[in-house]
Colleague: 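If you scroll down you'll find the structure; I have some questions about it.
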Amino acid sequence: MGALFLKECRKIAKSLVYYVYLVAFVLFITGQMSEVEWVDRLSEPQPGQESYGYGYSSDERVIMQSGLETLFQELLSNRFATYPFGFYKEVTLNEEEQEVLKRAMQQCTGMEFEQMAEENVAYWTEVYRMGAEESAAEYSEAEMWHLPLRENLSYEEFEQVMEKAYEIVGSGSYYEKSSYEKRGIAALTYEDALEHYRELCEEDRVSGAQMRLFCDYACIFLAILPIFVGVSACLKDKRAKAAELIRSRSVSGAALIGCRYLANVVMCFVPVLLCALLMQMPCVYAAGQAGIKADVLAFAKYSFLWLLPVIMVVLGAAFFLTEATETILAIPVLLAWAFGSVFSAATLTGDFGWKLVTRWNTFGSYGRYAEELEQLYRNKGMYMALAVILVLLTVAVYEKKRRKGEMLYGKLRKNNS
Amino acid sequence: MLFTEKEREIYFMETEIQIKGLCKNFGKKQALQSVDLTIGPGMFGLLGPNGAGKTTLMRVLATLLPKSAGEVRVCGVPVEHAAEIRKMTGYLPQDFSMYGNMSACEALDYLAVLSGIPKAERKKKVPEMLEKVNLLEQKNIRVKAMSGGMKRRLGIAQAIIHDPRVIIVDEPTAGLDPEERVRFRNLLCEIARERIVLLSTHIVGDIEATCEEIAVLNHGEVVFRGTVESLLKLVENKVYSAEVSARELDGLKERFIVTGILNRGSTAAVRIIAESMPLAEAKSCSADVEDAYMFLMHSISATPVQKGSEQA
Ligand SMILES: Nc1ncnc2c1ncn2[C@@H]1O[C@H](COP(=O)(O)OP(=O)(O)OP(=O)(O)O)[C@@H](O)[C@H]1O
Ligand SMILES: [Mg+2]
């Protein structure tokens with residue numbers, strides 16, 4: 001068993017597809033992981049700073065503000081983004097529906113919708129004029145135009161408005177409770193910034209945040225690149241016209257497919273692990289300089305949790321489809337799955353659900369991550385289990401072909417000639 | 001695995017392939033029709049024209065094809081027990097091929113691993129086998145860079161490396177040069193002492209030189225089963241040689257089975273199979289397996305006259 005595993009690893013190491021995989025992965029990931037100004041990132045926020053950046057907030061007032069502003073913007077353009085079944089779909093509303101929502105908004109602000117629109121336009125005109133003259137950065141948070149919410153607007157009232165918008169716009173829209181609750185964006189205060197800094201240093205220990213970002217990008221590539229490695233591994237026997245010879249040996253289908261699969265998983269995963277380690281190094285160093293003790297094992301923790309299950313399930317599916325059809329069908333199918341998963345994401349941070357490509361395109365935000373961690377475990381656990389099932393199915397298909405002496409589907413090998 | 005005393009006797013003592021009423025259909029095409037054969041230890045030759053079903057029979061024995069009907073036992077084990085059978089058989093496919101970028105040595109080692117040979121033994125066996133098939137000096141050459149004959153030799157090595165009790169080789173000598181062919185025949189004969197070697201071939205010389213027992217297949221049926229001598233008996237006193245003029249040749253081909261023509265200017269030396277003296281000047285000569293095979297094929301399918309008219 002061990003010998004066969006090593007032999008399979010060698011076979012992979014000698015294949016061209018594998019080198020393409022390595023080069024592509026390294027190029028993509030280095031292209032995405034931009035240089036970081038570690039000094040800026042790791043400096044403690046000081047009171048009296050002009051800005052502390054933006055962040056998600058679970059403050060009800062902030063959620064109301066963000067929710068109604070989104071509704072306001074979408075109403076203005078009458079273009080509502082929805083993601084039913086995870087795929088993007090634009091929704092436009094008829095006059096009547098728009099009127100209902102406009103009236104609901106008026107109740108929240110105590111202002112005519114047209115008046116809000118005018119104020120908004122006036123603000124942006126000013127921004128563009130200033131932007132042309134001076135630097136746009138002059139605009140501090142205080143000057144930014146905000147939808148003027150009624151002072152005594154209650155969260156319940158707000159929820160009713162969102163509920164109504166959800167009914168009209170449809171599922172997968174921003175107005176779903178689970179969606180708008182997580183997307184209150186506000187300028188951070190000094191206290192917020194300090195709390196984020198504490199999270200970064202104590203919970204994430206800097207490298208955790210960095211590795212989450214690494215996994216965010218790596219996950220996308222690893223939903224795609226191993227497809228080719230897996231398909232090529234499975235078609236190798238057929239292409240070398242050695243399939244029959246190999247079937248005639250005494251090795252069991254479980255051992256053969258099992259070793260092949262494991263070899264592919266290991267060969268795909270080890271370079272990823274090394275990449276993660278390398279990319280973690282500057283971060284650990286910078287943290288050390290700033291007097292923070294970074295988590296040196298973050299690269300392994302995150303790679304195993306985020307990336308290994310993806311590699312496993314993609315290879316498992318590639319093995320199964322290729323072994324069952326003896327074609328490259330797995331490539332279009334799995335590409336569609338991967339791209340579907342990437343483009344269907346309504347948010348680039350969290351909301352893992354059952355997505356193949358789990359994303360966290362943010363540096364930090366450990367608090368929110370911790371809240372969604374359970375969901376992530378469920379997602380990754382499910383894909384691991386699915387991978388195992390796919391491999392077992394592949395073994396069954398292989399043994400069946402071996403018994404039948406021909407392909408599972410399609411014509412017999414030779415025709416009468 | 002544990003066996004009872006009786007099973008041990010059946011599984012390990014018997015060295016015999018028993019085939020009873022074996023049929024194999026590919027859709028409507030009947031590739032094997034009720035084949036009955038018993039094959040004992042030693043070299044066993046399988047002859048037959050293209051498409052006769054030789055490869056099909058061998059693939060059934062090597063568990064690569066399921067049979068449609070009948071009963072097949074290899075050393076007492078029914079072919080349905082594929083795992084058992086694979087352990088004790090070595091198979092050389094007719095179109096042997098391996099991963100192109102592996103060297104001879106690596107390819108052999110890989111296949112040895114697939115037969116579950118432990119590392120220590122492989123280290124010893126791989127060079128030994130390469131030596132046997134005269135590939136040791138070229139052990140680092142890649143499969144894709146090998147000549148047809150070298151590939152075949154590698155194929156032979158992989159079929160015997162795990163020391164199987166039954167060796168099934170499909171046209172192993174096709175594409176080998178005469179020297180290698182002789183070398184290979186001797187190798188197989190050496191191995192065949194306490195094993196079964198089933199070999200198919202179109203090269204009659206191989207059969208003559210090595211096989212005691214043979215079977216001839218035609219259209220999926222066994223049309224002859226016996227020793228080489230009994231095959232030769234079929235044409236005893238029926239082979240003649242004669243010197244004829246080129247003009248006479250066509251007429252001769254229509255009436256008799258002509259197994260050899262050697263042109264000598266205006267005349268030709270011919271070898272003829274006929275029931276009685278075909279020409280006044282013909283001389284009787286000793287028969288070889290090729291003559292017997294030709295005679296057999298003609299007598300079961302068509303008369304020589306019909307064959308002649310087909311060719312015209
Ligand atoms: N997989 C298959 N599907 C359909 N028909 C097949 C298949 N394999 C073999 N046959 C048919 O079965 C018959 C026997 O073929 P087989 O390959 O056994 O002949 P053979 O005796 O080995 O011939 P050769 O001397 O050319 O190797 C042929 O008519 C062939 O067309
Ligand atoms: Mg054949």
Side-chain angles (χ1 to χ4, degrees), chain A residues 1-19 232-260 262-263 395 398-408 410-417, chain B residues 24-31 50-51 55-56 58-67 80 82-103 106-107 109-119 122 142-144 155 158-159 161-162 164 168 170:
Chain A
M1 277 296 268
L4 182 53
F5 171 77
L6 290 178
K7 284 251 174 304
E8 292 298 337
C9 286
R10 273 194 74 155
K11 233 169 76 189
I12 300 165
K14 281 167 87 180
S15 73
L16 182 66
V17 184
Y18 184 63
Y19 286 99
S232 138
C234 281
L235 284 180
K236 209 155 249 165
D237 287 359
K238 194 186 165 198
R239 276 211 314 258
K241 299 200 181 71
E244 194 177 78
L245 182 69
I246 285 166
R247 280 183 211 167
S248 78
R249 312 302 292 195
S250 62
V251 67
S252 74
L256 182 69
I257 300 291
C259 282
R260 275 193 184 163
L262 274 185
V395 172
Y398 186 81
E399 285 294 3
K400 174 137 201 218
K401 282 199 297 187
R402 215 176 184 182
R403 269 201 308 280
K404 283 180 62 185
E406 55 222 17
M407 285 172 52
L408 210 51
K411 298 221 164 58
L412 296 168
R413 233 164 38 86
K414 280 189 246 167
N415 45 23
N416 303 6
S417 56
Chain B
K24 174 68 201 176
N25 304 336
F26 293 107
K28 283 204 191 88
K29 167 95 199 167
Q30 284 201 302
N50 291 138
T55 300
T56 306
M58 291 181 143
R59 291 178 68 207
V60 170
L61 291 177
T63 73
L64 293 165
L65 275 182
K67 56 187 165 54
E80 288 82 358
E84 288 292 317
I85 303 272
R86 285 182 197 128
K87 258 182 222 146
M88 58 186 181
T89 50
Y91 175 62
L92 170 62
Q94 185 167 355
D95 43 4
F96 170 82
S97 189
M98 252 315 260
Y99 307 123
N101 61 357
M102 275 193 179
S103 70
E106 285 172 324
D109 204 35
Y110 183 79
L111 291 167
V113 168
L114 291 187
S115 285
I117 305 179
K119 186 168 179 153
R122 271 187 287 132
R142 288 174 176 218
V143 172
K144 67 176 166 215
Q158 65 81 28
I161 191 167
H162 53 297
I168 301 169
D170 202 350

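What you are looking at is a predicted structure, and each value in this text was computed from that prediction instead of being measured. Chain A is the first sequence line, chain B the second, and so forth, proteins listed ahead of strands; every chain is numbered from 1.
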Colleague: Between atom CG of L61(B) and atom OG of S248(A), what is the distance when rounded to the nearest 0.5 Å?
Modeller: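 Nearest 0.5 Å value for the CG-OG distance: 12.5 Å.
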Colleague: Heavy-atom cut-off 4.5 Å, strictly under: side chain, backbone, both or neither for I117(B) against chain A?
Modeller: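 Interface part for I117(B): neither.
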Colleague: Starting at CD1 of I85(B), measure out to OG of S250(A) and round the result to the nearest 0.5 Å.
Modeller: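 Reported value, rounded in 0.5 Å steps: 12.5 Å.
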Colleague: About how many Å separate CG of L245(A) and CG of L92(B), when rounded to the nearest 0.5 Å?
Modeller: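 Rounded to the nearest 0.5 Å, the CG-CG separation comes to 8.0 Å.
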Colleague: Who pairs with K67(B) by side chain to side chain donor-acceptor pair (under 3.5 Å), at least two apart in sequence or on another chain?
Modeller: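 With sequence neighbours excluded, K67(B) shows a side chain to side chain donor-acceptor pair (under 3.5 Å) to E80(B), given in chain and number order.
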Colleague: Taking side chain to side chain donor-acceptor pair (under 3.5 Å) as the test, write out the residues that go with T63(B), two or more places apart.
Modeller: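 Residues passing side chain to side chain donor-acceptor pair (under 3.5 Å) with T63(B): R86(B).
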Colleague: Not counting sequence neighbours, which residues clear side chain to side chain donor-acceptor pair (under 3.5 Å) with R249(A)? List them please.
Modeller: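 Scan of R249(A) (side chain to side chain donor-acceptor pair (under 3.5 Å), adjacent residues dropped) gives S115(B), Q158(B), H162(B).
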Colleague: Using non-hydrogen atoms and a limit below 4.5 Å, what part of residues 2-11 of chain A faces chain B?
Modeller: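 Within residues 2-11 of chain A, the residues under 4.5 Å from chain B are A3(A), L4(A), K7(A), E8(A), R10(A), K11(A).
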Colleague: How many angstroms lie between NZ in K241(A) and CZ in F96(B), if you round to the nearest 0.5 Å?
Modeller: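 Between atom NZ of K241(A) and atom CZ of F96(B) there are 13.0 Å.
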Colleague: With a 4.5 angstrom heavy-atom cut-off, could you sort out which part of N50(B) is near chain A: side chain, backbone, both or neither?
Modeller: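 It is neither, since no heavy atom gets under 4.5 Å.
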Colleague: Of all the heavy-atom pairs spanning P93(B) and E244(A), show the shortest one and how long it is.
Modeller: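 Smallest interatomic distance, heavy atoms only, reads CB-OE1, 4.0 Å.
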Colleague: Atom CD1 of I246(A) and atom CE of M98(B): how far apart are they, to the nearest 0.5 Å?
Modeller: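 Here the interatomic distance stands at 5.5 Å.
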Colleague: Going from CZ on R247(A) to CG on L114(B), what distance comes out if it is rounded to the nearest 0.5 angstrom?
Modeller: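 Rounded to the nearest 0.5 Å, the CZ-CG separation comes out at 13.0 Å.
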Colleague: Considering all heavy atoms of both residues, which atom of A242(A) and which atom of S97(B) are nearest to each other, and what is their separation?
Modeller: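 Looking at all heavy atoms of both residues, the shortest contact is CB-O, 3.4 Å.
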Colleague: Could you walk me through whether Y99(B) and K14(A) pass the side chain to side chain contact (heavy atoms under 4.5 Å, CB included) check?
Modeller: CA-CA 11 Å; Y99(B) 307 123; K14(A) 281 167 87 180; over 6 Å; no
